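Counting from 1, the numbers follow the sequence of the chain as shown. Predicted, not measured: the structure shown is a model, and the values here were computed from it.
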Amino acid sequence: MDTGTRAERLLDELYRIGTTDATVVSLEDCSGCGEHAWGWQDNGYGPGVLGPAIWFAADGPQTIRIQVREDGLTIDQVVLSPQKYLTASPGATKDDATILPQSDGSQPAPAITLVRGPYLQQVTSSSAIVVWATRENGQAEVRYGTGTTLASSAPATGRLVANATTALGYDYYHYEAPVTGLGGATTYVYQPFVAGTAATAAPATFKTAPATGTGTVTFIAFGDSGTASAPQKQLASLMANDTFDLALHVGDIAYSPADVSGDATYALYQSGLFDIYKWFPSVGFAPVEGNHDSAPLNNNGRAYLDLFTLPTNGASAAFPDHAERYYSYDYGPIHFVALDTEFTFQDTTRRAEQLSWLENDLAATQQSWKIAYFHRPPYSSSSAHGSNLTVRAAFGPLFERYGVDLVLNGHDHDYERTIPIKESAIATDKAVPYVVTGGGGAELYPNGTSAWTAYSASVYEYVRVATEPCTLKLEAIGLDGGIFDSMSLSKCGTTPTDVVLWAADAPALTGAWVVQNDVSAAGGHFVVHPDAGAAKVTTASAAPANYVDLTFNAIAGVPYHLWFRGRAQNDYWGNDSAYAQFSGSVSSTGTPVYRIGTTDAATVVLEDCTGCGDAGWGWQDNGWGTNVMGPNVYFATTGPQRLRIQTREDGYQIDQVVLSPGRWLNASPGTLKNDATILTRSSGQ
């Protein structure tokens with residue numbers, strides 16, 4: 001503005017404290033335009049209309065007085081800009097996440113305005129990609145090193161992201177710096193720079209992955225999070241105090257806070273992701289898109305693809321636009337497969353391309369652990385969405401065929417873990433556990449249970465998974481920071497050991513069961529519910545009065561055959577049977593069977609057929625009939641198990657129990673009558 005006009009303005013006293021003259025700021029930009037969350041507005045009125053600038057009569061300290069015009073207006077920042085924001089807003093009118101550094105005007109404006117970041121993408125044992133965005137353009141780099149010295153530099157590429165694309169109310173520049181030549185499992189310090197000026201107040205640190213195929217790794221996974229809700233922020237705080245190497249997101253990263261049916265935008269990613277997780281500068285982040293991240297109304301995930309720099313190995317010559325929508329990568333001993341149930345799945349031709357890629361990818365990996373994650377769950381008991389049968393039919397057979405160890409999903413806003421599930425009839429295929437971790441912060445959905453449910457709850461949560469060369473442990477973390485569910489898997493050894501239990505070792509006997517001495521029994525002792533002439537119990541009890549509990553270890557998904565060494569009191573056929581139940585038993589297809597707390601049980605009857613008779617000690621399984629073997633028993637999880645022996649007929653004496661995945665899987669440990677076999681104790685793997 002020219003000097004004459006400025007002089008005229010100085011003669012006119014405007015908006016003075018102590019008068020009724022004031023400039024008016026109305027957040028809504030026009031009648032009916034509406035308001036939503038935080039927004040920047042000036043003293044003009046109308047879309048795109050800037051209010052008049054303000055001059056001051058003298059240099060030095062000034063006072064601004066904000067008077068109530070309409071109660072209920074919340075204000076957190078006030079800007080008076082002679083330069084950067086003289087003709088452009090600092091941020092958007094609605095759903096804004098811009099927070100400017102504080103300044104009273106006495107110091108020069110900061111040279112760099114950080115929009116987001118830094119955050120880490122594609123962290124490997126030798127490299128990482130550092131991503132950030134600023135309002136300013138310039139030659140950019142990441143300076144990095146070990147210890148506290150930023151001794152090395154990696155150049156960054158930058159590109160303009162226009163307001164016309166983002167609707168944020170301003171343009172910005174997006175920078176990506178691949179940092180290479182790093183050492184495995186090593187901590188580095190780093191800081192991004194633009195035009196020679198630091199873009200952050202202080203350096204951050206990150207740790208590279210272990211060498212491929214080696215090391216121990218801990219990662220977290222969560223989904224359906226981005227509403228900037230109080231539970232989401234509480235979980236983010238717990239995560240910030242947790243220790244992990246990598247973070248996965250199973251989709252629906254950002255929603256409208258007022259409407260969870262809204263689709264993701266640049267502004268919502270800012271408010272529902274980048275502004276929430278303070279650990280982003282230090283841990284690699286590997287998401288998949290959910291139905292709110294990629295939809296026709298948000299240009300099939302334009303913001304998602306623009307903000308994240310993900311592996312492109314899902315692209316093909318026929319479908320180059322599949323890049324970053326599904327991909328795979330190795331991290332230490334884990335092969336991760338990130339799949340897409342949205343843009344490349346909803347179209348059948350694209351789906352076939354993804355399935356072909358998935359099969360080739362799983363067939364090629366030699367990693368110890370294979371973990372898949374994607375948005376829509378093949379198995380879910382929630383009444384909100386439930387199981388996606390199309391996804392199940394597409395992905396499930398490949399997971400079983402190629403031995404995927406764990407599948408993580410979202411979409412239903414709850415937590416559910418299944419037992420290992422195998423729908424294939426092929427003996428070499430593997431049972432797979434599925435986990436829905438959709439309680440990341442959006443409004444919760446009702447949970448449910450199915451025959452394959454191991455644990456289910458409508459709770460806010462995330463999961464933490466720790467892997468070692470031969471073990472994997474999953475823990476579900478609630479809002480209180482406590483572990484409310486867990487699961488263990490093991491790859492230790494290809495042949496699980498036989499379980500041989502001595503019944504008299506039971507830590508406690510309940511009801512009428514007692515220990516009695518006999519030199520012909522294992523260790524000289526057996527357990528028995530002495531014959532009292534009671535009638536046969538025709539159905540096992542969910543809460544029996546008379547039982548014996550024993551503990552052992554087993555490996556999930558492995559067939560075990562059950563054998564009792566027992567004797568009928570007085571060799572009477574009415575004293576020769578018992579029920580067996582377990583804490584975590586399943587069928588070959590993963591369906592819970594013979595569970596403690598139910599009326600379902602395996603029945604062991606010493607006499608092999610009607611009129612066959614009993615004679616002394618004898619080995620028997622849970623089959624009935626001469627040379628008829630009962631079904632094998634499987635277990636849903638690897639680790640400790642509990643066996644409960646319930647009274648069916650009093651007078652049945654038991655000294656040994658065998659659960660065999662090997663030596664006695666298809667053959668009895670001893671004879672059916674007058675047996676003298678005593679096996680060495682073993683609690684299993």
Atom of [X], atom of [Y] and distance for their closest heavy-atom approach:
{"X": "Ala204", "Y": "Pro281", "value": "CB-CB, 3.9 Å"}
{"X": "Pro178", "Y": "Ala154", "value": "O-CB, 3.6 Å"}
{"X": "Ala198", "Y": "Phe193", "value": "N-CD2, 3.3 Å"}

Side chain to side chain, [X] and [Y], heavy atoms closer than 4.5 Å:
{"X": "Tyr304", "Y": "Glu324", "value": "no"}
{"X": "Val130", "Y": "Leu120", "value": "yes"}
{"X": "Lys473", "Y": "Glu475", "value": "yes"}
{"X": "Tyr144", "Y": "Leu182", "value": "yes"}
{"X": "Ile66", "Y": "Ile75", "value": "yes"}
{"X": "Ser153", "Y": "Val142", "value": "no"}
{"X": "Phe343", "Y": "Asp321", "value": "yes"}
{"X": "Val465", "Y": "Leu248", "value": "no"}

Which residue is it: Ile477, Val436, Val435? I am looking for the one with a side chain to side chain contact (heavy atoms under 4.5 Å, CB included) to Tyr415.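 When side chain to side chain contact (heavy atoms under 4.5 Å, CB included) is applied between Tyr415 and each of Ile477, Val436, Val435, only Val435 qualifies.
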
Do Tyr190 and Phe206 make the cut of ring centroids closer than 6.0 angstrom?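 Yes.
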
For this output row, return yes or no: ring centroids of Phe285 and Tyr119 closer than 6.0 angstrom.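 So the answer is no for these two rings.
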
Distance only, no hydrogens: is a donor on one side chain within 3.5 Å (strictly under) of an acceptor on the other, for [X] and [Y]?
{"X": "Gln354", "Y": "Thr344", "value": "yes"}
{"X": "Glu136", "Y": "Thr113", "value": "yes"}
{"X": "Asp242", "Y": "Tyr462", "value": "yes"}
{"X": "Glu342", "Y": "Asn291", "value": "no"}
{"X": "Arg116", "Y": "Tyr269", "value": "no"}
{"X": "Thr216", "Y": "Glu468", "value": "no"}
{"X": "Glu176", "Y": "Thr157", "value": "no"}

Got a sec: does the CD of Glu35 have more than 12 other heavy atoms crowding it under 6.0 Å?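 Result for CD/Glu35: enclosed.
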
Taking CG in Asp76 as the centre, count heavy atoms belonging to other residues, nucleotides or ligands within less than 6.0 Å. Is the count above 12?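 Enclosed.
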
Is there a donor-acceptor contact under 3.5 Å from the side chain of [X] to the main chain of [Y]?
{"X": "Thr205", "Y": "Val189", "value": "no"}
{"X": "Thr186", "Y": "Gly184", "value": "yes"}
{"X": "Thr365", "Y": "Gln367", "value": "yes"}
{"X": "Ser89", "Y": "Gly91", "value": "yes"}
{"X": "Tyr326", "Y": "Gly314", "value": "yes"}
{"X": "Gln121", "Y": "Thr309", "value": "yes"}
{"X": "Asn241", "Y": "Ser237", "value": "yes"}
{"X": "Gln139", "Y": "Ala195", "value": "no"}

Determine, for Tyr170 and Arg135, whether the Lys NZ or Arg CZ falls below 6.0 Å from the six-membered ring centre while staying within 45 degrees of the axis.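 Yes, a cation-pi geometry holds between Arg135 and Tyr170.
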
With sequence neighbours excluded, residues passing side chain to side chain contact (heavy atoms under 4.5 Å, CB included) with Asp361: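 So Asp361 forms a side chain to side chain contact (heavy atoms under 4.5 Å, CB included) with Ser328, His335, Val337, Trp357.
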
For Ala199, side chain to side chain contact (heavy atoms under 4.5 Å, CB included) partners two or more places apart: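 Listed in chain order: Ile112, Leu114, Trp132, Thr134, Pro192.
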
side-chain hydrogen bond (donor to acceptor under 3.5 Å, both in side chains) for Tyr255 and Asp224? Distances and angles first, verdict last. CA-CA 8 Å; Tyr255 299 81; Asp224 302 85; 3.0 Å; yes

Trace of the side-chain hydrogen bond (donor to acceptor under 3.5 Å, both in side chains) decision for His375 with Asn409: CA-CA 5 Å; His375 188 57; Asn409 305 118; over 6 Å; no

Rounded to the nearest 0.5 Å, how far does [atom2] of [Y] lie from [atom1] of [X]?
{"X": "Thr437", "Y": "His411", "atom1": "OG1", "atom2": "NE2", "result": "15.0 Å"}
{"X": "Thr166", "Y": "Asp171", "atom1": "OG1", "atom2": "CG", "result": "7.5 Å"}
{"X": "Tyr460", "Y": "Leu235", "atom1": "OH", "atom2": "CG", "result": "9.0 Å"}
{"X": "Asp252", "Y": "Ser225", "atom1": "CG", "atom2": "OG", "result": "8.5 Å"}
{"X": "Leu246", "Y": "Thr218", "atom1": "CG", "atom2": "OG1", "result": "10.5 Å"}
{"X": "Ser125", "Y": "Lys207", "atom1": "OG", "atom2": "NZ", "result": "13.0 Å"}

So which pairs with a foot in residues 281-297 pass salt bridge (charged side-chain N to carboxylate O under 4.0 Å, His left out), sequence neighbours left out?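 Sorted result for residues 281-297: Glu289-Arg325.
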
Give the intermediate values and the outcome of salt bridge (charged side-chain N to carboxylate O under 4.0 Å, His left out) for residues Arg376 and Asp412. CA-CA 8 Å; Arg376 302 183 193 232; Asp412 275 322; over 6 Å; no

Could you tell me whether Arg16 and Asp21 have a side-chain N and a carboxylate O separated by less than 4.0 Å?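 So Arg16 does not pair with Asp21 through a salt bridge.
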
Return a table of donor-acceptor pairs under 3.5 angstrom between the side chains of residues 37-54 and protein atoms on other chains or two or more places apart.
from	atom 1	to	atom 2	distance (Å)
Trp40	NE1	Asp96	OD2	3.0
Gln41	NE2	Leu27	O	3.2
Gln41	NE2	Asp29	OD1	2.8
Asp42	OD1	Gly44	N	3.0
Asp42	OD2	Gly51	N	2.8
Asn43	ND2	Thr23	OG1	2.8
Asn43	ND2	Pro52	O	3.2
Tyr45	OH	Ser31	N	3.0

Partners of Asp306 by salt bridge (charged side-chain N to carboxylate O under 4.0 Å, His left out), sequence neighbours excluded?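 Salt bridge (charged side-chain N to carboxylate O under 4.0 Å, His left out) check on Asp306 returns Arg159.
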
Where at least one partner belongs to residues 207-251, residue pairs that pass ring pair (Phe, Tyr, Trp, His ring centres under 6.0 Å), sequence neighbours excluded: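 Non-adjacent pairs meeting ring pair (Phe, Tyr, Trp, His ring centres under 6.0 Å): Phe219-Phe336, Phe222-His249, Phe222-Tyr277, Phe244-Trp279.
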
